[in-house]
Amino acid sequence: MFPQENHSNGYQHQQGYSHRERVRRGTCRSRASTSSHSHSVRVYDQPRPPCTDFDVAYFHSYAHLGIHQEMIKVVVDVGCGTGILSIFCAQAGAKRVYAIDASDIALQANEVVKANNLSDVVVVLHGRVEDVEINEEVDVIISEWMGYMLLYESMLGSVINARDRWLKPGGLILPSSSTLYMAPVTHTDRYSDSVDFWRNVYGIDMSAMVSLAKQCAFEEPSVETITGENVLTWPHVVKYIDSYSVTIQELESVTAKFKFNSMMRAPLHGFAFWFDVEFNGHAIPSTNYHSTTSFVDNHQMNGSQRKRRTNPNEALVLSTAPEDPPTHWQQTLIYFYDPIELEQDQLIEGLVTLSQSKENARFMNIHLEYTSGGRSYVKESVMR
């Protein structure tokens with residue numbers, strides 16, 4: 001349905017690791033370095049390779065103060081998991097890295113740090129961000145906090161807490177911003193496999209099972225992979241988050257109104273949600289994102305995401321969209337119990353509210369109100 005370019009406001013087919021089987025990954029790049037542990041001077045008798053112009057340029061680059069400033073940063077890794085992001089930061093030249101995780105994986109992370117001879121740089125703290133102590137300000141906060149549908153598990157609150165406690169003025173947060181999208185989808189095969197199967201099972205009428213089958217298949221959100229062909233319209237921005245200014249309170253409940261016009265005649269089976277995160281300096285002020293129109297204008301949401309990143313100063317974007325490279329987040333789908341037959345250009349409008357569950361703040365309540373074809377519907381769901 002959409003052009004197959006390397007873009008991103010939210011699309012591309014993704015299939016990845018199962019829930020909670022994440023190996024935290026990072027993009028910090030380490031430079032080739034000489035050992036700092038040996039202080040002896042070695043004398044070489046064999047012929048030495050000539051010093052090329054490239055070598056001269058390389059050595060000259062390290063005479064610039066800026067690159068040494070980058071190599072003395074203090075970093076906090078919120079929810080460090082196995083510690084791999086912390087190790088990447090240490091390898092990239094961080095002065096010190098505080099790797100924080102409340103789960104017992106912190107014990108294994110500490111062993112990983114020791115095995116890589118980085119205990120003098122990486123300090124593993126076993127506990128919640130809210131409880132551990134760091135006796136200095138930090139230059140950088142990194143975290144792979146994103147859950148399914150971006151906000152599931154509510155780990156962003158810990159990043160906010162770390163920011164407010166330790167980040168220096170002008171410090172860096174990665175990812176720097178994130179955007180949650182939604183769009184109406186059609187998925188006949190999925191519906192047929194889950195529901196229509198029961199109408200005729202090897203010639204036996206088992207339609208009495210259909211009602212139960214719908215409840216079992218579609219009562220809760222489904223994390224699965226779809227493609228751009230399933231998406232019926234351009235996506236709508238549900239929530240834009242600036243990591244530098246977001247508050248814990250504004251994440252407790254998020255409400256967004258939406259309006260779509262179907263691009264084709266097809267059954268509407270539900271709504272899909274996905275997200276992008278950007279790695280950059282301070283984000284664009286969130287006032288630019290208060291309306292879908294301004295977001296479309298600013299990000300050229302004309303089909304297949306964003307332009308290819310040709311300038312290294314541009315934001316690096318990780319997308320979990322149906323037409324982007326696979327991730328373990330996949331997409332989150334809210335299915336209707338019964339599809340709505342849409343005509344081309346038919347209007348679908350309503351609102352969605354995502355709120356933290358009172359039962360457990362890491363669960364998410366999803367409330368959908370939508371109208372199409374003169375009929376109104378409500379769908380309630382909980383992501384546990």
Side-chain angles (χ1 to χ4, degrees), residues 16-27 75-86 88-89 97-106 108-109 124-132 134 138 140-167 171-181 221 223 238-254 273-279 283 318-320 327-332 354-366 382-384:
Y17 313 110
S18 60
H19 187 33
R20 302 185 190 281
E21 290 180 348
R22 310 174 188 176
V23 174
R24 299 178 184 267
R25 295 163 289 174
T27 56
V75 180
V76 165
D77 180 1
V78 177
C80 68
T82 60
I84 191 167
L85 291 183
S86 297
F88 284 158
C89 291
V97 183
Y98 294 100
I100 305 173
D101 206 295
S103 75
D104 288 342
I105 194 67
Q108 279 69 45
V124 179
L125 300 176
H126 186 192
R128 301 189 312 157
V129 168
E130 295 80 359
D131 299 328
V132 301
I134 296 177
V138 304
V140 182
I141 295 174
I142 62 171
S143 181
E144 192 270 90
W145 57 264
M146 302 81 70
Y148 295 131
M149 210 169 167
L150 186 62
L151 298 176
Y152 174 62
E153 293 184 326
S154 300
M155 189 175 160
L156 179 55
S158 295
V159 177
I160 295 171
N161 191 290
R163 178 198 71 194
D164 294 345
R165 293 183 68 189
W166 301 311
L167 188 65
L172 184 65
I173 305 175
L174 297 175
S176 52
S177 63
S178 51
T179 307
L180 176 64
Y181 303 89
V223 177
V238 176
K239 179 67 175 176
Y240 171 79
I241 295 173
D242 179 347
S243 299
Y244 296 93
S245 61
V246 64
T247 65
I248 292 176
Q249 289 71 31
E250 73 180 87
L251 298 176
E252 293 176 354
S253 182
V254 173
F273 294 80
W274 63 86
F275 63 87
D276 288 350
V277 293
E278 290 195 2
F279 298 81
L318 167 66
S319 177
T320 67
T327 75
H328 67 274
W329 287 284
Q330 301 176 277
Q331 293 83 41
T332 300
L354 312 176
S355 58
Q356 293 179 4
S357 171
K358 293 181 180 179
E359 172 190 354
N360 183 333
R362 298 197 182 275
F363 295 168
M364 185 164 60
N365 295 326
I366 304 166
V382 180
M383 197 161 192
R384 294 183 172 87

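The figures that follow rest on heavy atoms only: side chains count, while hydrogens, waters and symmetry mates do not. In what follows, residues are counted from 1 in the order of the sequence shown. What you see is a predicted model, and the numbers here were worked out from it, not measured in a lab.
With hydrogens and angles ignored, the 3.5 Å screen pairs a side-chain donor or acceptor of Ser176 with a backbone N or O of Glu278. Of the possible donor and acceptor atoms, none in the side chain of Arg165 sits under 3.5 Å from a partner among the backbone N and O of Ile134. Without hydrogens or angle criteria, Asp276 side chain to Thr179 main chain gives no donor-acceptor distance under 3.5 Å. Without hydrogens or angle criteria, Ser355 side chain to Ser253 main chain gives no donor-acceptor distance under 3.5 Å. In this structure a side-chain-to-backbone donor-acceptor pair under 3.5 Å is present from Arg163 to Ser243.
The two residues Asp101 and Ala106 have their closest heavy-atom pair at O-CB, 3.7 Å. The two residues Met149 and Leu354 make their nearest non-hydrogen contact at CE-CD2, 3.7 Å. The heavy-atom pair separating Ala99 from Ser86 by the smallest distance is CB-OG, 3.2 Å. Counting all heavy atoms, side chain and backbone alike, Gly171 lies closest to Leu167 at CA-CD1, 3.8 Å. When all heavy atoms of Met146 and Ser143 are compared, the pair lying nearest together is SD-O, 4.5 Å. Shown here for Thr327 and Ser319, the closest heavy-atom pair between the two residues is CG2-O, 3.9 Å.
Below 30°, between 30° and 60°, or above 60°: for Phe275 and Trp329 the angle between ring planes is above 60°, a perpendicular geometry.
Atom CZ of Phe273 and atom OG1 of Thr320 lie 12.5 Å apart (nearest 0.5 Å). Rounding to the nearest 0.5 Å gives a distance of 12.5 Å between CZ of Arg362 and CG of Leu151. In this structure, Gln331 CD and Trp274 CH2 are separated by 7.5 Å, a value rounded to the nearest 0.5 Å. Residue Leu156 holds its CG atom at 11.0 Å from CG of Asn161, rounded to the nearest 0.5 Å. Atoms SG and CD1, from Cys89 and Ile84 in turn, are 11.0 Å apart once rounded to the nearest 0.5 Å. Atom OG1 in Thr332 sits 8.5 Å away from atom CG in Leu180 (nearest 0.5 Å).
The one candidate from Ile100, Val129, Ile248 that meets the side chain to side chain contact (heavy atoms under 4.5 Å, CB included) condition with Ser158 is Val129.
Counting heavy atoms from C-beta outward, Ile173 and Tyr244 have side chains that approach closer than 4.5 Å. The side-chain heavy atoms of Met383 and Val223, taken from C-beta on, include a pair separated by under 4.5 Å. Within the 4.5 Å cutoff, no side-chain heavy atoms of Ile142 are placed close to those of Val76. Leu150 has its side chain within reach of Ile241: a pair of non-hydrogen atoms, C-beta onward, lies under 4.5 Å apart. Ile366 has its side chain out of reach of Tyr152: every pair of non-hydrogen atoms, C-beta onward, lies at least 4.5 Å apart. In this structure, the side chains of Pro175 and Trp145 come closer than 4.5 Å at one or more pairs of heavy atoms.
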Q.
Using salt bridge (charged side-chain N to carboxylate O under 4.0 Å, His left out), reason through Lys239 and Glu250 one step at a time and then give a plain yes or no.
A. CA-CA 10 Å; Lys239 179 67 175 176; Glu250 73 180 87; 2.8 Å; yes
Q: Given side-chain contact (heavy atoms from CB on, under 4.5 Å), test Ile160 with Thr247 step by step and report yes or no.
A: CA-CA 7 Å; Ile160 295 171; Thr247 65; 5.8 Å; no
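For Tyr98 and Trp166, the ring centers are positioned 6.0 Å apart or more.
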